[in-house]
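A short worksheet on the structure shown next.
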Amino acid sequence: MRQRIGLLGLGFMAPAMIMVVVFFLIPVIMTAFFAFTNMGTATGVSGGEYLLTPKIIKQFEANQTLDEKVITALGSSSYIVNKTNLARAKEAGLKSKYLGEIDKKLHGKTFASRRQFERALKKLKSRPRNTRALIKSTAHFSNSVLNTRYETLGDFKTALSNNGAILAEPQLKIVTQASYTGWIWTTDNFTTMFSKPDTWFVAVNTLVYVVLVLAFNIFFGLFLSLTTFYLPTGQSVFFRAIWLLPRISPPVLYVLLWKWLTWDTGFISTVLGWFGMAPYNFMLGSVESAWTVVILINGFVGASLGMILFSSAIQAIPTSILYASEVDGANRWQQIRYIILPQLRWPILFTTSYTTLSLLTSFEYILLSTRGGPGGTTNVWALEAYFTALNNYSGNLQYGYGAAMALVLVTIGISVSLLYLRLFKFDDLVTRPRIES
Amino acid sequence: MRILLDKFTKKFDDTVVINDMDLEIKDGELMALLGPSGCGKSTTLFSICGIYQCSGGRILFGDRDVSNVSSQQRNVGVVFQNYALYPHMSIYENIAFPLMVKKMDAAQIKKEVHAIAKLVHIGDLLERRPSQLSGGQQQRVALCRALVRRPDVLLLDEPLANLDAKLRLEMRSEIRRIQQETGITAILVTHDQVEAMSMCDRIALMDEGKVLQVTTPNDMYHNPQTDFVASFLGNPPIAFLEGEVAGNQVLLNGSQLKVALPSSIRQPDNGTKVRLGVRPELVGTDRGNAVAGRISFIETQGRENLYDLTLDNGAVLRSIQAVRSDISMGQTANWNIDTERVLVFDTNGQRLL
Ligand SMILES: Nc1ncnc2c1ncn2[C@@H]1O[C@H](COP(=O)(O)OP(=O)(O)OP(=O)(O)O)[C@@H](O)[C@H]1O
Ligand SMILES: [Mg+2]
């Protein structure tokens with residue numbers, strides 16, 4: 001009977017399913033989607049335009065992707081008097097008398113530079129007396145594609161042919177691709193990521209961070225729950241409450257306290273100062289001290305979760321079992337080792353997996369304390385992704401690259417949880433329903 | 001090993017649970033701690049094994065004062081009321097635990113565990129987990145674990161309370177057999193007087209943290225020192241009749257009925273108020289003095305019937321007799337009380353001898 005999935009069961013599951021879809025599946029899919037684009041501040045997230053800049057032309061020159069003739073053509077800024085350009089000028093509101101004279105005297109002529117065109121225009125009677133107006137009027141006859149935005153590919157291609165550059169199909173493709181300002185599909189994020197040495201440095205940092213903070217959390221949580229278990233009730237409640245403070249205080253405040261503690265004008269330095277030690281910034285003074293502070297900050301926050309879970313699991317052990325182990329001759333250590341710890345297997349598994357996953361993605365305490373410093377030595381994957389995608393100094397946010405980093409994190413997170421399930425024989429731990437249906 | 005409680009006192013904060021208790025358990029004896037719920041039996045037991053610290057007085061094992069010795073060092077085997085088996089260990093590991101924490105070598109442990117498991121008849125259950133055993137099997141495992149390290153003292157806290165009637169009967173003789181085979185000094189906590197009487201060498205009857213009487217089951221049944229002791233032992237329980245001494249008889253309150261005093265007791269003064277304790281087997285005998293009453297209740301017990309005889313002052317006597325077809329409810333009866341064996345108590349409940 002248990003094989004049959006009842007409608008009622010599905011009904012109870014539905015809210016959870018919807019939550020999973022909305023808050024997990026959709027974000028993951030979005031991340032996966034962004035990860036394969038080159039979206040960023042430069043490209044925007046909607047479509048783009050075509051803009052050929054001198055910089056791009058310089059790149060063509062440097063890479064020699066196009067032959068020189070084509071490059072000069074693209075870069076040329078010739079002025080042509082023809083029907084299209086005259087019409088364009090008319091539309092822009094230039095006087096028809098002036099335009100008529102241009103049409104009559106200069107029709108079909110090409111000028112290599114604005115200077116030459118200007119000189120020719122100055123000879124006309126109906127020209128604007130104002131020099132600036134005259135210079136402005138030249139713009140309509142320019143056939144340069146440089147620094148002009150074209151909204152569609154068609155416009156850009158027309159402009160290119162107007163310009164006189166004769167491009168074969170593959171060349172055209174190179175030029176349009178290089179000039180496109182919008183986002184495109186690409187796997188570049190991943191190739192770049194895995195080829196960059198920085199990536200591996202941050203990856204190793206992340207591993208160190210997760211393993212050390214996790215170990216600290218579990219062992220310190222265990223230590224706290226065991227020691228408070230053997231204390232009289234009043235005292236144990238008090239100590240547990242104290243260790244809960246890091247968790248419940250706002251991160252900003254909590255990190256601020258650490259700053260007061262560790263900065264060169266802070267508490268530790270002041271106290272050490274009384275013994276003649278020079279003030280020292282423990283948070284950013286050296287790589288080792290920065291790591292120590294980062295691990296302690298995160299460790300104390302996380303330890304409370306383990307402490308609470310382990311404490312309640314220990315409380316749930318029947319006292320008679322603890323009594324029995326005592327009269328059986330087990331000392332404190334043996335009691336912990338053989339009676340208490342085996343009963344904590346499930347909460348330890350839970351805390352380990354939960355903490356691993358939250359540490360993989362957590363960066364807020366590092367951001368608030370060392371900001372990844374000194375010199376990026378305490379930078380971790382999630383923080384790097386945050387800087388890349390959402391917040392950096394240059395202002396050039398790379399959403400696509402950041403999403404690619406996040407996607408790697410999600411993949412690792414899922415693999416790690418699967419590994420844990422295997423390692424701790426999760427199936428054994430999930431007891432069968434007590435009430436058989 | 002002899003156990004001696006010397007002015008033993010146990011308080012929880014300000015609540016005095018056991019006050020100045022003196023009790024000696026002789027070497028090799030099975031002593032029952034019998035008493036109503038909440039009288040402090042478990043507390044006494046837990047103090048003997050060192051789970052609770054004494055608040056006053058001394059506890060001696062042999063000549064050794066163990067009052068301040070930790071439970072790990074006392075070498076006591078305990079069977080807890082709910083057995084307290086370690087749920088995450090196999091039966092083998094459960095039994096081996098006391099030896100393992102002593103760091104005995106594995107081969108030796110194996111030998112000991114198998115030997116004790118054979119003694120208690122659970123040799124074929126060693127691979128299982130506690131949750132896969134029946135209550136009676138768990139009880140045996142708990143017994144094994146308590147015995148495996150050859151403790152000086154074995155303490156049993158209501159070990160049979162969770163078992164069904166048949167299994168309980170079986171385990172009673174089983175525990176007694178094992179205790180006698182090992183010759184261990186043991187204390188059995190129980191609130192079941194049948195259990196105490198059928199298994200133990202002696203019974204210590206407790207009430208409200210005090211030991212009222214310590215003696216053999218037989219003596220306690222026949223010579224209780226107080227009416228409480230008399231009422232606690234015996235099933236169906238003893239009935240009490242209140243009255244006043246008039247010569248060598250007792251005139252029952254609110255009635256003209258008279259019951260003769262046993263000739264063996266010292267004659268109290270006339271007018272002394274007394275309570276007569278009459279056990280069911282003393283009513284409806286072929287000697288003694290007759291009282292009249294009405295049959296108010298008949299309970300079938302199989303081989304025997306239990307009859308309630310209500311006297312004219314409302315007092316109820318119980319009588320246990322072979323099944324009789326000549327008696328029915330509401331009928332009047334004139335039955336003998338075997339007055340020579342009636343127990344006489346003063347108004348404070350003390351036995352008059
Ligand atoms: N930890 C404690 N703190 C305060 N009072 C306690 C504590 N443990 C027991 N008591 C009290 O001591 C008295 C004796 O308790 P104990 O457990 O010894 O009873 P018991 O004779 O074993 O009863 P039962 O047959 O119901 O098990 C009870 O009144 C109980 O309320
Ligand atoms: Mg008890």
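Residue numbers begin at 1 in each chain, while the letters A, B, ... track the order of the sequences. Side-chain atoms are counted along with the backbone in the values below, which use heavy atoms only and exclude waters and symmetry mates.
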Return the orientation label for the A:F350 and A:Y354 ring planes: parallel under 30°, perpendicular over 60°, tilted otherwise.
parallel
Taking B:S67 for its side chain and B:I59 for its backbone only, find out whether a donor-acceptor pair lies under 3.5 Å.
yes
Would you kindly say whether A:Y209 and A:S362 are connected by a side-chain donor-acceptor distance under 3.5 Å?
yes
Which bit of B:Y83 comes within less than 4.5 Å of chain A, counting heavy atoms only: side chain, backbone, both or neither?
neither
Residue B:L85 versus chain A: region with a heavy atom under 4.5 Å
backbone
Between B:T190 and B:E195: side-chain donor-acceptor atoms closer than 3.5 Å:
yes
Min side-chain heavy-atom separation B:S47-B:I18 under 4.5 Å:
no
I'd like to know if B:D105 pairs up with B:K111 as an ion pair, taking the criterion as any Lys NZ or Arg NE/NH1/NH2 lying under 4.0 Å from an Asp or Glu carboxylate oxygen.
no
So, B:R58 side chain and B:D6 main chain: donor-acceptor pair closer than 3.5 Å or not?
no
Chain B neighbours within residues 217-240 of chain A, where any heavy atom lies under 4.5 Å away
none
Between B:R74 and chain A, which part of the residue has a heavy atom less than 4.5 Å away: side chain, backbone, both or neither?
neither
For B:E127, does the CD atom sit with more than 12 other heavy atoms under 6.0 Å from it, leaving out its own atoms?
no
Short N-O contact, B:R140 and B:E174, less than 4.0 angstrom:
yes
When only heavy atoms count and the cut-off is under 4.5 Å, which of residues 291-323 of chain A reach chain B?
A:S320, A:I321, A:Y323
Highest number of heavy-atom pairs under 4.5 Å with chain A among B:L155, B:D157, B:I51 belongs to B:I51
Looking at B:Y86, B:F97, B:F46, which one has more heavy-atom pairs under 4.5 Å with chain A than the rest?
B:Y86
